[in-house]
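Letters A, B, ... mirror the listed sequences (proteins, then strands); counts begin at 1.
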Amino acid sequence: MQITGSLLRKCRKNQRKAQLELYRLCYPFLMRVCLRYKKNESDAAEMLNTGMLKILDNLHLYEENVPFEAWAKRIMINTLIDDYRKHRKRKELIEHTEPHELSTHEHNHAYNESALHMEAEEIRMLINTLPNERKEIFNLFALDGYAHKEIAEMLGININTSRWHVAEARKYLQSRIMNSKPAKSVKNESV
Amino acid sequence: MNRFDEHLRKKLDAERIEPNPVHAEQFNKLLEERNGKKRRPLLWWLWGIAIVAGAGFLVYQFSGSGKRNENLSLISNTTGTEEATADSPEETGSIGASNPGTIENTGERPVRQSLLTQGEGKDASPEKETHGQNIEANPQMRGLIEKVTSQERFHDGLKNPKILTGTTETNEPKKSGLKTTNTEISQSLAGKEAIGIKDDDKGKFPASDEAGSLRDRYPEVATINLYSKVLPVTTDDADPVPALPFITRSTLTSRVKKWHIGASLGYGLPPETGLPKKPSHLIHIGGFVQRMLNRKWSIGMDAGFAYQNGGIEFEKTSALRQYGFGLRSSINTLNLREAYAAYAGLFGQYHMGRHFVEASVSARYLYGAKGDISRFVEDDILGVEEEYLPNVWIDTEGLRKISLDAGVGYGYRIAPFMSILMKVRIPVTGFTYDRSQYFLNEDYFIDSKRQKLIPELALRFQLFRI
């Protein structure tokens, strides 16, 4: 079943059944977003529910010429950012990573190939090993398509700080993916 | 987009996730809670209305108007026609030259003089006593005078009291003499000249000035049948029981006062913010000046101090990286908790008896704020340094200093010196910017930063009248 205009209208009228149906339909793509930003499933589910409430509250603002999925995703991401700002762990804000000389084109190509062979869950777990702020910024920039300027405004940071975090996150992930390749092969073989 | 990023995104987007029934159940509970919270403001309002209604009922019960089964007395005057009957005792008086002192073009005096003349006027007929009692000496009659005058002042909004309007408080005003009187006046004037006699309960009799002109033109215009309740007085010296306990003799004899000065105290409930949501409070205390424009309309201004605890969602984070002898990074986070403000506003009221509705606009000037500041500094040389300062006065730079709001409300005058007002404050602008430029550009607002309607309950005490 698709998210139809009539379903949304029913949701606007506060019909519980329709709201739960909308939740069911939105769950896959919104949970995917939440899982990227949160370290575990229960936190992600909590955020998903909070975000869904916001979506239902703001449903009257939704214009039908905009894809609902994109609109809902946007609200979800903003909810996650809000939550991040509230629960920012000070100690996790800054983490220094040793600079790596891994940004050549060849290296990138190698990592891309490696990434293609990784499962989504593994990639997500890797991203989750990033420090919180870096993870947020990397998610926003690399996976959700936000610009550095937007991220800087959302998180109250400098644009260059955002750029720096993305670059550092990439380096870190690429190195981890490279290192995880043999382990993955071993795992596959054992299975 | 970077190819590496693109690959990651594709991989993640390809993941298939099935709905989890446990999560769905949690969401269902959240929906229930939310719907419960949506109903809560309504419950608050219902409670407020019930309290006001209860207070009004109590005042009504103990105001003397509850003694509705008292006997009506018959008062006869010098020239009137005796029309009293056993079941509808009444007073008849005249408007005319035969009793020139009866009605004059002044505020409350006509009623008093009219009734006093019946007992002591030089033109009074030998029937100076009503049922064998001198009116002046009769405490019941004095009670009547006070009663009529006080009712008159009360009903007319302290301005332009009309003659004998107090009779609307009698047992059955529409059934008894009041209606009859109106008919008689109308009949007497039929075909002569319109004088603006109204056909409603409160405007049955011509105003004093109109009556004066009537007297000149039509010496014997009409006979007024006055039904009035005589209140019990035990001794001659005792004050008559006033119509309402708070109307005193001094109130009755003073001139109409248009300016009211008083104090106000209010309590509001700003929307809860934060996760988990914390209760928020808005308290304001101040004074007001009110000007009665006429019996229905008034305008005024109020000013005072406002304190808001919670309901302000504001968090500012700044990151600073410095390169010198090693790298020094600091993260500062500021959470605004309390706001201290001075407020001033204008309001207009429309009165319907004791009830009134109010519309207002006001501005608050933020002169102080408290919040939590946390600092985390990491220095390559000096190491890590943390600082957490809860609930400290903070620099208000970056906050909007002036916030505007509008409001509408319903009020009830519990007593002449005290009103209760239920109001909804509608913030136009808040102390914090509710939309970041980014969200504004994207035509999307982030709900948690938006201040919503603030229900408020206020008490207004009238201290002076000028």
Side-chain angles (χ1 to χ4, degrees), chain A residues 14 16 19-20 23-24 27-29 31-32 35-36 41 45-46 48-50 52-54 56-58 61 74-75 78 82-83 85-88 90-91 93-94 96 108-109 111-112 115-116 118-121 123-124 127 141-143 145 149-150 153-158 161 164 170 173-174, chain B residues 1-20 22-24 26-32 34-35 38 274-275 313 315-321 327 329-331 333 335 374-376 378 380 384 386 388 436-439 441-449:
Chain A
N14 222 11
R16 179 72 64 85
Q19 289 172 339
L20 289 173
Y23 177 83
R24 195 184 65 77
Y27 187 93
F29 66 89
M31 190 62 173
R32 201 178 295 137
L35 283 170
R36 273 198 280 115
E41 195 182 342
E46 192 184 327
L48 172 73
N49 289 346
T50 309
M52 271 306 291
L53 278 185
K54 275 192 182 180
L56 290 176
D57 283 342
N58 295 319
L61 297 173
R74 183 142 222 155
I75 293 185
N78 286 321
D82 265 2
D83 179 71
R85 288 191 297 203
K86 283 193 183 80
H87 299 99
R88 196 193 299 243
R90 295 190 298 279
K91 283 190 175 180
L93 282 174
I94 298 171
H96 301 296
N108 269 343
H109 180 69
Y111 301 133
N112 293 341
L116 281 173
M118 287 185 83
E119 293 300 322
E121 194 177 345
I123 294 172
R124 214 170 45 232
I127 292 172
F141 179 81
L143 306 177
K149 191 183 173 190
E150 295 169 338
E153 280 176 5
M154 286 162 82
L155 299 181
I157 58 172
N158 192 288
T161 308
W164 180 79
R170 271 200 201 119
L173 291 173
Q174 286 169 353
Chain B
M1 180 176 273
N2 187 293
R3 284 183 64 195
F4 175 72
D5 300 346
E6 185 69 22
H7 284 308
L8 289 186
R9 195 167 60 79
K10 277 183 182 169
K11 266 287 183 200
L12 291 169
D13 285 349
E15 188 181 15
R16 182 150 184 84
I17 297 174
E18 290 301 320
N20 187 330
V22 177
H23 299 162
Q26 288 169 350
F27 180 68
N28 196 17
K29 280 180 187 169
L30 273 177
L31 277 178
E32 277 175 14
R34 183 189 69 150
N35 292 340
K38 277 189 174 176
L275 290 172
E313 186 148 334
E315 182 181 287
K316 177 73 180 169
T317 304
S318 60
L320 181 66
R321 303 176 68 80
L327 177 66
S329 305
S330 67
I331 301 290
T333 307
N335 284 293
S374 58
R375 288 181 66 232
F376 174 73
E378 189 176 274
D380 282 353
V384 174
E386 281 186 88
Y388 182 63
S436 73
Q437 193 58 42
Y438 166 73
F439 289 125
N441 289 341
E442 295 297 319
D443 195 24
Y444 167 74
F445 74 86
I446 187 159
D447 187 54
S448 59
K449 278 188 172 284

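- Ranking Lys149(A), Glu46(A), Glu121(A), Met52(A) against chain B, the residue ahead of the rest is Met52(A), based on heavy-atom pairs under 4.5 Å.
- With a threshold of 4.5 angstrom between heavy atoms, Gln19(A) approaches chain B through its backbone and through its side chain.
- With sequence neighbours excluded, no residue forms a side chain to side chain donor-acceptor pair (under 3.5 Å) with Asp13(B).
- Residues Lys29(B) and Glu32(B) are not paired through a salt bridge, judged by the lack of any N-O separation under 4.0 Å between the basic side chain and the carboxylate.
- Counting only distance, with no hydrogens or angles, the side chain of Tyr23(A) and the backbone of His23(B) share a donor-acceptor pair below 3.5 Å.
- Among Arg170(A), Arg124(A), Met31(A), the residue making the largest number of heavy-atom pairs under 4.5 Å with chain B is Arg170(A).
- Of the atoms belonging to Leu48(A), not a single heavy atom falls under 4.5 Å from chain B.
- Of the listed residues Leu53(A), Leu173(A), Leu35(A), the one with more heavy-atom pairs under 4.5 angstrom with chain B than any other is Leu53(A).
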Tell me, with the steps shown, if Gln26(B) and Leu30(B) meet side chain to side chain contact (heavy atoms under 4.5 Å, CB included).
CA-CA 6 Å; Gln26(B) 288 169 350; Leu30(B) 273 177; 6.0 Å; no

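- Shown here are the side chain to side chain donor-acceptor pair (under 3.5 Å) partners of Arg32(A), two or more places apart in sequence or in another chain: there are none.
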